[in-house]
Structure formats: structure tokens, C-alpha cells
2 protein chains.
Amino acid sequence: MTAGYDPYAFEPFAVTVDLAVFTVRAGALHVLLIRRGQEPYAGAWALPGGFVLPRESAETAARRELAEETGLPEQLVAALHLEQLRTYSEPDRDPRMRVVSVAFTALVPDLPEPAAEGGGDAAHARWLAVEDVSELAFDHAVILADARERIGAKLEYTCLATGFCPPEFTLGELQSVYETVWNAGLDRPNFRRKVLATPGFVEAVPGAARLTGGRGKPAALYRPGPATTLHPPLLRPEGTTR
Amino acid sequence: MTAGYDPYAFEPFAVTVDLAVFTVRAGALHVLLIRRGQEPYAGAWALPGGFVLPRESAETAARRELAEETGLPEQLVAALHLEQLRTYSEPDRDPRMRVVSVAFTALVPDLPEPAAEGGGDAAHARWLAVEDVSELAFDHAVILADARERIGAKLEYTCLATGFCPPEFTLGELQSVYETVWNAGLDRPNFRRKVLATPGFVEAVPGAARLTGGRGKPAALYRPGPATTLHPPLLRPEGTTR
DNA sequence: CCAAAAGTGTTCGTGTTACACCCATGA
DNA sequence: TCATGGGTGTAACACGAACACTTTTGG
């Protein structure tokens, strides 16, 4: 902070946000992507995002862009837990000009068809299974990989997993979130005890139960609790790199 | 990424880096600060940092600014492990113009008097005990608090603590790093076993030993090992918020 | 011989793992 | 009555917490 402060002393930087929004659908981790309509990378998939406006923080911009570019319900976007991932600032990450991008991650429940409704930008938003994502515009493949690694790690020591679930969920659904993100099987009795033994992770919905697979015993329903961290952590099994 | 790309369409953003560089001296956590010479906040303490140049990444800029603004040895700065903390982008965090800052943290060993040598900017750099830091320029107090929380958490599940130690160190020195950062006492036998049981955390220096407190049995010396993560983690005792 | 710091051993309790088993529901 | 998924019980084991004890140095 020693240099002078002439706003026009340097070639201007653009500051953008990029969002890696995940959901769990049909036993696979999905990410929300946008089909680009213009060069560069026209026709390629990209993470939703856009410019930070002069009077916005990056967090505010992220929320606004998410509402504008995707068809996610306003209410969901407003309440969403956005987490800063990191900032990407390599000089040539955008071929046109200097763009520094603040990346965020968010987790949402499996919505009916969240991206298909709204017009305009939202029409080009789709959920894609992360395993099927091949090429992405700019350095978005790197951002996606970093985001995926981060949420996998975060499930170990935070209560974020409930963010993937609907407002009321069964322990089986919660477990399948872990299994999907980690791509690993967990022992059901032990998972159950672990979750219930952590105060504030989930709260029982009194008397409520729901059938899940169509068959079997109806499962008790739970709501997210007030806790945010998991002590002691719920460690994933050995090799879950992929 | 849907808007057009006129570099001058918006009021320009300045992009800066800020650095929270920590060390452990005399049983207290210290942070490297700069005395500001100009308005705003002239005379106040601030984190070292500065503008990202047009052809630099934030990481490169952080390393350059650290070498320029502080008296830290070139070799140390070049080899230093810099970790991105997060990006601060509130519109009014700098009263003069829009400044988005990417914050980094780094850990260095207790150097003789690292900040006192070089001329110019470096002359205003000093180590201050974090407990004694009261007011900082801009939002740097928030950044410092976030950085402190982050390194405390990182010690739990990474091998970063060796970054606070000289090239060869005793287990007692390593333990005092944990105790200082966490502000908590640890059981020496258990700490010792835990560290030695983690493959690649530390490597014994064969035959080497050194006296630490002037008295007592000479302690074996260790070097940092190749491992970067700690599985299972070394959890800190309950209340270490302060 | 005492203080101080390093290093070893041992016990005890908690939490995780791995499994066997019972319960409720739809086909 | 069988398959399916929810839920309970329990023994074996690994790990961490706590603390007693030995070793090696300087004063």
C-alpha cells in the first residue's frame, strides 16, 4: 500500500465472480453450467458468473449473477450459503483483457428442473454430472476441480452436507450425499450413530416419516440443526481422490 | 461472463495483495506490520502489501511486495509457502477508490531481526505480538483475525507448523509452536508420539542433538519431512477462541 | 544432589469398525 | 412371504488423555 493512488495509473483490471454450484441428482454429483453464446469459447460450457459492479462486494455480485444467469428460485438464492473458494488471477486466464475472478462454491438440494424455467441467460443453464464434464471455458476446469476437492474436504468437518438435502430429509438421503461426493460407501449403522451423536447436526421432525425407495420401512425425517462444525470429524475412507 | 468486454466500461478496480506473515518469538505469536507513511491512515500500522502489476498473478505480486516492503531475506521469500486466505472486496474498504485485495498468509521462523535491515520501505517493517496489535489501517484488523483463525485451524490437519521452525528443530520447539498459536498447553509425551507416528511429518537428523533451555537433556534434532497433511489430525483442546 | 528438560511406559476410557440382527412396508 | 430399506445391538480394536517414571545435562 505504498504506491500512489491514481485510479488510471494502470491498465484497468476487471473483477468478476465465478460460481461452482453443486447438487446431488440420481446418485451423482452435478454442477450448474452455462452454455456460452459468444466468443471466446462460444458454445463451450462455463461456470456461471460475471462482473462485480462498482458498488458491490464479490459476495453480493455472486448472489446477483446466480439469480440472473440461472433459473434458481429467488428465495433459494437469497438464503444460500455462499463460500469463497479462492481468487484466480493468472494474467492470461482471459484472452481479451486482465480479469481477476473470485470463485465461490454453493450447495443446493436436488431441484425438480431448476435451470429450465427463466428466460434469457437462464435458458442456457443446465445441471451436468461432474464426471461427464470434459472441457470448460477459461480456467473453469481448474476452478471446478478445486471446488470439488474443497467440498469433499468440508463434508468431513462441517455440517454442510445438509445443504444438499431438501428442508426435511432422511438419514439415508444424507448418507447418500456423503457417499456421492466422496464416491465411497459408508456403513449405515455407524453413519447414523455418528450423525445423531453430534449435537445440533440434525434435529428430528417429531412423528414425521416418509417412504424413500418405494419399498421398505418409512424413514424418520430430520431438519438441519444449528451446528456448523463437526467435532470430532467424520473422516472419509482412504482413497477418494478421483 | 455474459456482459461485453469493454475494459473501460466500468470505473476501474485496483487489485492489491495483503500479507499476514506470522512468526513465533519468545512464546508469542507475532505478525509482520508496516508503519504507514502517508494518508489515509498515516502513522498507523498496516499489513504489508501493494498493487498487482499488469502482468503478475496475485501470488507473484505477494512475493514481490514481501521482498520489497520488508527486510526478509530474498532466499526465504523465494522459498516461502504462501497461502491464499481470501479476497476482500467491500466497496468502501479503501476511502479513495475501489480496491479489491487478495490476502495471503505465510509462516516464517523466528529470524534474528528480519525487518530492521533493508532501507526504504523495509525500514518501517516490524514484528508485533498479535495480542498487542490494536488498530490497523483499512480492514486489516479483520484480515489479521481471519488469518490467525486460519493458521490455527491449519495446524490441526497440515504439517505447516514446521514453517515456524528453523531448518533443524527439536520436538519441544515444534510443540511450543502449537502451544503458542493455540494458546493452549499440550501433553509432551503424547505430542511427541503423535508427531513421530505421522510418516513424513518430521525426519530425524542422525546423531544430532542440541541443548534448548540451557539445562536439561539435549534434544534430538529433526527436519521437516515430505508430508503436507496430517492424518489423522492433531486436534486442539476445546476453547481456543481468544 | 537438585532442577530442568528430554524421552519412555502404562493404564483407562472413548470413539470407530465391522458385523449380526430385528422392524416395517410394498409387491 | 420375500425383497427392500430403516433401525438397534454388540464385541473387537485403535487411538488419545492422563500421568508415573527414567535419562541426561548444567549448576
Side-chain angles (χ1 to χ4, degrees), chain A residues 26-27 155-157 165 168-180 182 184-199 201-222 227 229-240, chain B residues 26-27 155-157 165 168-180 182 184-199 201-222 230-240:
Chain A
L155 288 200
E156 288 194 332
Y157 58 96
C165 297
E168 296 189 345
F169 53 88
T170 70
L171 292 184
E173 289 165 350
L174 185 62
Q175 181 177 347
S176 76
V177 164
Y178 277 88
E179 293 178 327
T180 301
W182 288 349
L186 301 175
D187 183 85
R188 189 158 36 78
N190 294 334
F191 178 84
R192 169 184 198 78
R193 267 188 292 266
K194 178 77 187 174
V195 170
L196 295 179
T198 304
F201 190 178
V202 297
E203 287 173 351
V205 179
R210 192 211 314 151
L211 277 172
T212 46
R215 274 206 283 286
K217 184 176 178 176
L221 289 176
Y222 295 86
T229 56
L230 219 48
H231 272 300
L234 178 49
L235 299 171
R236 54 185 147 177
E238 292 312 304
T240 40
Chain B
L155 289 201
E156 289 194 330
Y157 58 96
C165 297
E168 295 189 345
F169 52 87
T170 69
L171 293 184
E173 289 165 350
L174 185 63
Q175 181 177 346
S176 77
V177 164
Y178 277 88
E179 293 179 328
T180 301
W182 287 348
L186 300 176
D187 183 84
R188 191 157 36 79
N190 293 334
F191 178 82
R192 169 185 197 78
R193 268 187 292 267
K194 178 77 187 175
V195 170
L196 294 179
T198 304
F201 190 177
V202 298
E203 287 173 351
V205 180
R210 191 207 321 147
L211 277 172
T212 46
R215 275 208 282 284
K217 186 175 176 175
L221 289 175
Y222 295 85
L230 220 47
H231 273 300
L234 178 49
L235 299 172
R236 55 185 146 178
E238 292 313 303
T240 42

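Below, chains carry the letters A, B, ... as their sequence lines are ordered, and counting in each starts from 1. Heavy-atom basis, side chains included; hydrogens, waters and symmetry copies ignored.
B:Ala220 comes within contact range of the sugar-phosphate backbone alone, with a heavy-atom separation under 4.0 Å but no base atom that close.
Note that the CG atom of A:Leu221 and the CG atom of A:Leu171 stand 9.5 Å from one another [nearest 0.5 Å]. Here the CD atom belonging to B:Glu156 is positioned 10.0 Å from the OH atom belonging to A:Tyr157, to the nearest 0.5 angstrom. To the nearest 0.5 Å, the span separating CZ on B:Phe191 from CG on B:Leu174 amounts to 4.0 Å.
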Please encode protein proximity along nucleotides 9-14 of chain C as a string of B, S and -, counting only heavy-atom distances under 4.0 Å. BB----

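In this structure, A:Leu234 atom CG and C:dG15 atom P are separated by 14 Å, rounded to whole Å. The distance from atom CZ of B:Phe191 to atom P of C:dA5 is 17 Å, rounded to the nearest whole Å. For the pair B:Leu221 CG and C:dA5 P, the interatomic distance rounds to 17 Å; values are reported in whole Å. Atom CG of B:Leu171 is separated from atom C1' of C:dT8 by 14 Å (rounded to the nearest Å).
In terms of heavy-atom proximity, A:Asp187 sits nearest to A:Pro189 at OD2-CD, 3.2 Å. B:Thr170 and B:Ala219 make their closest contact through CG2-CB, 3.6 Å (heavy atoms, listed as atom of the first residue, atom of the second, distance). Taking every heavy atom of both residues into account, A:Tyr178 and A:Leu230 meet most closely at OH-CD2, 4.1 Å.
Looking only at side-chain heavy atoms (C-beta outward), A:Lys194 and A:Pro232 come within less than 4.5 Å of each other. When side chains are defined from C-beta on, B:Thr198 does not count as touching B:Leu234, because their heavy atoms never get closer than 4.5 Å. A:Leu186 has its side chain within reach of A:Pro237: a pair of non-hydrogen atoms, C-beta onward, lies under 4.5 Å apart.
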Show the distances under 3.5 angstrom between N or O atoms of the protein and N or O atoms of nucleotides 21-25 of chain C.
residue: C:dA24; atom: N3; partner: A:Lys217; partner atom: N; Å: 3.4
residue: C:dT25; atom: O2; partner: A:Gly216; partner atom: N; Å: 3.4

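Partners of B:Glu179 under the salt bridge (Lys or Arg N to Asp or Glu O under 4.0 Å) rule, at least two apart in sequence or in another chain, do not exist in this structure. Partners of B:Arg210 according to the salt bridge (Lys or Arg N to Asp or Glu O under 4.0 Å) rule, which considers only residues two or more places apart in sequence or in another chain, are B:Glu173.
Counting only distance, with no hydrogens or angles, the side chain of A:Gln175 and the backbone of A:Arg192 share no donor-acceptor pair below 3.5 Å.
Between B:Tyr222 and B:Phe169, the ring centre distance reaches or exceeds 6.0 Å.
In terms of phosphate contacts, A:Lys194 brings a side-chain nitrogen or oxygen within less than 4.0 Å of OP1 or OP2 of C:dT16.
Taking a heavy-atom distance under 4.0 Å as the criterion, the stretch of DNA chain D touched by chain A extends 5' to 3' from D:dT4 to D:dT10.
Comparing the end axes of the helix from C:dC1-D:dG27 to C:dA27-D:dT1, each fitted to five base pairs by superposing C1' atoms of four pairs onto the next four, gives an inter-axis angle of 10° (nearest 10 degrees).
With the nearest nucleotide of DNA chain C identified for both A:Pro232 and B:Arg192, B:Arg192 has the one nearer the 5' end.
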